[in-house]
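So the structure is just underneath, and the comments pick up after that.
Below, read A as the first sequence line, B as the second, and so on, with proteins coming before strands; counting in each chain starts at 1.
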Amino acid sequence: MEPGTLDVSSTRAEFPALHQSVSGVPLTYLDNAATTQKPQSVIDSVDEFYEQDNANVHRGVHQLSQRATKAYEDARAALANWIGAASDAEVVFTKGCTEGLNLVAASWGGSNLQGNDTVLVSTMEHHSNIVPWQMTAERTGAKVEPIPITDAVELDLEWLAARLAKGGVKAVAVKSVCNVSGTVNPIKEVARLAHEHGALIVVDAAQGLAHQKVSVQDWDADFVAFTAHKAYGPMGIGALYGRKALLENMPPYQTGGGMVRGVTFEKTNFAEPPERFEAGTPNVAGAIGFATAIDFLERVGVEAMARHENCLAKLAEERLSEIPGLKIHGKAKHKAGIVSFTMTEAHPHDVGTVLDQYGVAVRTGHHCCMPLMARLGVPATTRASFACYNNTTDVENLFNAVIKVKELFG
Amino acid sequence: MEPGTLDVSSTRAEFPALHQSVSGVPLTYLDNAATTQKPQSVIDSVDEFYEQDNANVHRGVHQLSQRATKAYEDARAALANWIGAASDAEVVFTKGCTEGLNLVAASWGGSNLQGNDTVLVSTMEHHSNIVPWQMTAERTGAKVEPIPITDAVELDLEWLAARLAKGGVKAVAVKSVCNVSGTVNPIKEVARLAHEHGALIVVDAAQGLAHQKVSVQDWDADFVAFTAHKAYGPMGIGALYGRKALLENMPPYQTGGGMVRGVTFEKTNFAEPPERFEAGTPNVAGAIGFATAIDFLERVGVEAMARHENCLAKLAEERLSEIPGLKIHGKAKHKAGIVSFTMTEAHPHDVGTVLDQYGVAVRTGHHCCMPLMARLGVPATTRASFACYNNTTDVENLFNAVIKVKELFG
Amino acid sequence: MSLQDLYQEIILDHGKSPRNFGELDPYTHEAEGFNPLCGDQVRLMVRIADGKIEDLKFSGHGCAISTASASMMTQLLKGKSVEDALKLVDKFRKAMTEDGDHGDMGELGCLSGVREFPNRVKCATLAWHALKSAVTTGGKVTTE
Amino acid sequence: MSLQDLYQEIILDHGKSPRNFGELDPYTHEAEGFNPLCGDQVRLMVRIADGKIEDLKFSGHGCAISTASASMMTQLLKGKSVEDALKLVDKFRKAMTEDGDHGDMGELGCLSGVREFPNRVKCATLAWHALKSAVTTGGKVTTE
Ligand SMILES: Cc1ncc(COP(=O)(O)O)c(C=O)c1O
Ligand SMILES: Cc1ncc(COP(=O)(O)O)c(C=O)c1O
């Protein structure tokens with residue numbers, strides 16, 4: 001019996017890409033934090049749109065356009081409902097998490113930050129929640145300050161509370177789940193601290209969507225960025241949640257069709273959120289695929305998925321820890337199904353190549369978290385990340401392949 | 001026999017969405033300038049990616065990621081080749097034409113425009129080639145000045161030459177094909193004029209890709225923005241061509257993963273183009289679908305398509321002109337397959353509703369070209385736009401449905 | 001749903017020959033309604049005295065639905081108290097957007113076909129939104 | 001293609017015990033190579049006199065392939081003229097990226113397996129790019 005309460009084998013059967021061989025052995029896909037595979041239902045929903053309803057939106061007068069508009073807005077409503085937004089208008093479709101964070105840093109940050117302001121960014125952040133703040137800081141004169149983390153890769157909440165109390169902090173940028181260490185950050189607690197001192201909280205939930213039940217209202221978050229492709233949805237689509245009162249007072253980010261009220265060469269007026277932040281033809285097919293992925297999360301049960309993935313990750317940590325010279329990075333108390341490690345004998349890049357030859361797909365490198373790598377004192381790690389369709393065989397395949405690394409380089 | 005040299009019925013058979021009824025009659029899809037339908041090959045290529053090769057790119061070490069990376073870069077090469085770019089590095093994938101134009105206005109414009117500079121924007125431009133310039137102008141103090149157009153909806157080239165000669169113009173923004181009037185603008189000539197006076201030319205080729213054989217080098221264009229979904233490709237993907245020497249000296253636009261060399265809290269270094277301008281997980285599936293659409297343009301022959309569409313548009317103009325009180329807007333000498341009209345008896349919105357009841361899908365409204373509407377002295381038009389799969393029956397259906405409007409409102 | 005249900009004779013008539021069309025002088029309240037998606041634009045001028053709509057007129061341009069709806073509205077509301085007018089606005093908005101029986105709408109009943117054409121609802125309600133805005137905030141309003 | 005072809009004994013040996021590893025003092029030319037995707041980082045120091053590479057060393061960290069390649073390169077180029085060294089750099093780069101027979105590569109032949117692992121080619125050529133940069137521009141170089 002598989003750990004957790006999922007019917008893993010039937011779930012697994014929904015994913016066509018998993019049923020293939022690489023290097024002559026069955027694929028063991030453990031690169032889920034980079035992107036998950038897609039269930040047939042997601043692939044089919046995109047096809048059906050293109051085969052039946054394909055049209056541009058923006059309330060075109062003909063029926064295909066009406067269907068497309070409805071499907072697009074229904075997708076927005078489904079997502080708003082899933083993440084617990086207070087209203088659909090708080091959900092802006094983006095092309096991914098990175099764009100969502102850029103939007104916040106440029107639009108909210110660009111119009112709210114000044115020379116004496118500070119944005120606190122955790123040391124474990126992904127580049128997409130660091131560099132946009134640096135760009136805005138450059139433009140506005142504001143400062144970006146790292147929030148230290150512990151050796152276990154947890155936020156230093158004491159430092160955070162003390163720093164907030166000192167004043168001048170306008171925003172706190174944190175990820176809900178760390179793509180390197182698996183750390184599940186206490187977003188609700190960080191939000192409380194931030195709000196106590198008049199700062200906003202900007203949450204990168206790229207990994208969160210597939211690994212935890214997100215509720216933006218329970219978190220009391222101000223902005224939350226999502227990406228579909230890491231949660232069984234298609235590429236090229238994501239969403240930004242923004243508190244209504246904030247979105248309403250923000251200038252547009254990208255401009256063009258669909259987000260204006262009136263355009264003359266003298267003056268342009270902008271639409272209300274969410275349209276104000278969606279310039280150009282939206283990725284309707286992507287939004288539909290995203291909503292189907294949400295259906296999948298709901299149907300299979302994201303909490304059951306998370307439990308299952310955590311079991312597998314724990315198992316993997318146990319097995320890998322048997323190997324001398326192998327070090328697991330990230331020992332947070334609350335972790336999602338992501339395991340990063342290094343080996344004394346072999347560089348992560350070599351580990352990755354060997355694992356690949358045994359059909360085990362992992363990611364090696366800095367995982368777009370160079371400041372975290374520096375903090376851990378490693379140039380790179382090997383990362384195995386679990387999804388709802390992984391099973392104990394995958395863990396054994398990983399373990400056995402790592403043993404081969406040991407044999408080759410040991 | 002159909003006009004042009006296409007085998008229209010076999011081409012038409014490739015498009016699943018065309019073979020349906022709406023309001024109990026077969027669909028007559030004439031909203032192609034909003035978005036074209038997708039051939040099965042494009043739909044299938046996206047599916048195949050998700051079913052076989054789906055992975056994140058950025059040179060992951062495992063085989064799926066290697067395949068995905070190769071497919072993504074092959075798509076870039078195919079597009080670069082199709083548009084006649086000098087090198088693949090001149091092609092930046094975007095989410096659409098709007099994003100490409102925003103990128104140019106923000107990155108090139110933001111770092112090259114100053115208080116005394118002027119950007120000339122044609123009066124027939126789409127909002128996506130107007131508003132981003134207004135935003136940059138607001139930030140930099142530069143001015144945006146409209147290029148007048150003639151009653152026939154052609155650029156006033158004499159005015160343009162005279163205005164350029166007066167000096168201070170840093171960029172000229174024009175579309176290659178007008179989405180309202182069908183006007184095919186003399187891009188090569190505009191580029192020559194602009195360059196003569198030290199200005200760049202920024203081309204909106206959203207409509208161009210499907211309606212003309214684009215060659216950025218023949219045009220001698222500096223920036224050209226494309227969108228896939230108006231040229232048989234998927235939504236959520238587009239591309240920006242930029243001259244290498246320009247891209248190399250531009251600051252990044254969005255920031256995050258995949259576009260950096262090194263990130264610390266002190267300093268971030270950026271990658272070379274095109275990576276510098278592609279932050280976050282790219283829409284790999286979209287890029288593959290885009291490349292398949294390019295294959296389709298090549299296989300069917302975009303010039304044959306254009307000839308065919310022009311024949312249909314001419315036929316439509318002839319037939320519609322028989323109807324008293326109906327006015328065609330846009331009488332340019334060089335036109336692509338797009339026809340806009342108004343009727344004295346009925347508002348475009350009513351026209352659209354009636355046409356829809358006869359299965360004829362057209363777009364009504366300002367088509368994101370409010371300044372052009374103001375110039376034409378109408379609040380909106382009804383637009384029929386043709387694609388390679390349209391035929392003379394579609395023209396007849398359009399004509400007959402317009403007659404019904406006449407009967408109802410006349 | 002047929003076109004004949006949407007474009008009933010009375011709508012075509014009001015659409016072609018709108019009543020109370022033009023400028024009102026003097027007026028005490030005004031508002032503009034704009035539907036950026038189809039370009040419909042309506043300017044509504046209202047003269048209110050003692051809590052009563054003494055007179056109202058509209059100008060602008062729009063489709064048959066929005067013009068007819070504005071025209072019928074002006075006929076209906078002239079002489080009504082502001083309070084009753086606002087009640088009618090809400091009743092009409094509901095009738096346009098919510099299923100079910102909305103009671104006797106009088107002449108307005110001929111607009112009930114609009115409900116079957118969801119993307120035309122904004123046209124039918126444009127002038128009504130403008131009226132509400134005029135008498136409550138006196139400002140501009142855009143319906144999208 | 002098997003792992004044994006990629007990780008030949010000699011590569012593992014150089015990878016584990018790189019030759020000419022450490023700081024060179026004095027040196028006349030240097031360059032840094034950085035592969036941001038896997039974190040490989042190499043610093044190359046070269047002492048050139050009379051157009052000849054008198055000595056060269058490297059430091060940094062990297063995978064087995066990049067370390068072994070750097071190690072073998074330093075052994076091979078010590079004592080060579082700058083001209084010959086640059087020729088070898090080109091020859092090696094070609095051997096790593098282009099199909100076909102590249103003639104006798106000596107000990108370097110053991111790196112030929114890399115060609116079958118396209119995403120490892122950058123590892124193998126990192127130090128070589130750095131050398132070229134060091135002796136031609138004397139600057140920093142990043143290979144991605
Ligand atoms: C001429 C023109 N430019 C730009 C655009 C914007 O393209 P997209 O919405 O795909 O970004 C369009 C289509 O809406 C267009 O017709
Ligand atoms: C924690 C985290 N944040 C942000 C991102 C960026 O997401 P995307 O590349 O989809 O924009 C990722 C994934 O790359 C991630 O793991």
Let me know if [X] has heavy atoms under 4.5 Å from chain B in its side chain, its backbone, both or neither.
X       : value
V46(A)  : neither
V42(A)  : neither
T264(A) : backbone
Q52(A)  : backbone
P234(A) : both
L103(A) : neither
R375(A) : neither
A374(A) : neither
Y358(A) : neither
Q40(A)  : side chain
E51(A)  : both

Examine whether an atom of [X] lies under 4.5 Å from a heavy atom of chain A, and if so say whether it belongs to the side chain, the backbone or both; otherwise answer neither.
X       : answer
N56(B)  : both
P252(B) : both
L27(B)  : side chain
S23(B)  : both
Q63(B)  : both

> Pick from H19(B), M135(B), Q37(B): which one has the most heavy-atom pairs with chain A under 4.5 Å?
Replying inline: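 It is Q37(B).
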
Do you know which of [options] has the most heavy-atom pairs with chain B at a distance under 4.5 angstrom?
options                           : result
P371(A), C369(A), P282(A)         : P371(A)
S128(A), P146(A), G60(A), G96(A)  : P146(A)
E145(A), H367(A), K267(A), E99(A) : E99(A)
T98(A), T35(A), N54(A), V131(A)   : N54(A)

> Heavy-atom distance under 4.5 Å between the side chains of H127(A) and T268(B), does that happen here?
Replying inline: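 SC-SC contact between H127(A) and T268(B) ruled out.
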
> Parallel under 30°, tilted from 30 to 60°, perpendicular over 60°: which one fits the rings of Y29(A) and H62(B)?
Replying inline: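 The arrangement is perpendicular - the two ring planes meet at more than 60°.
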
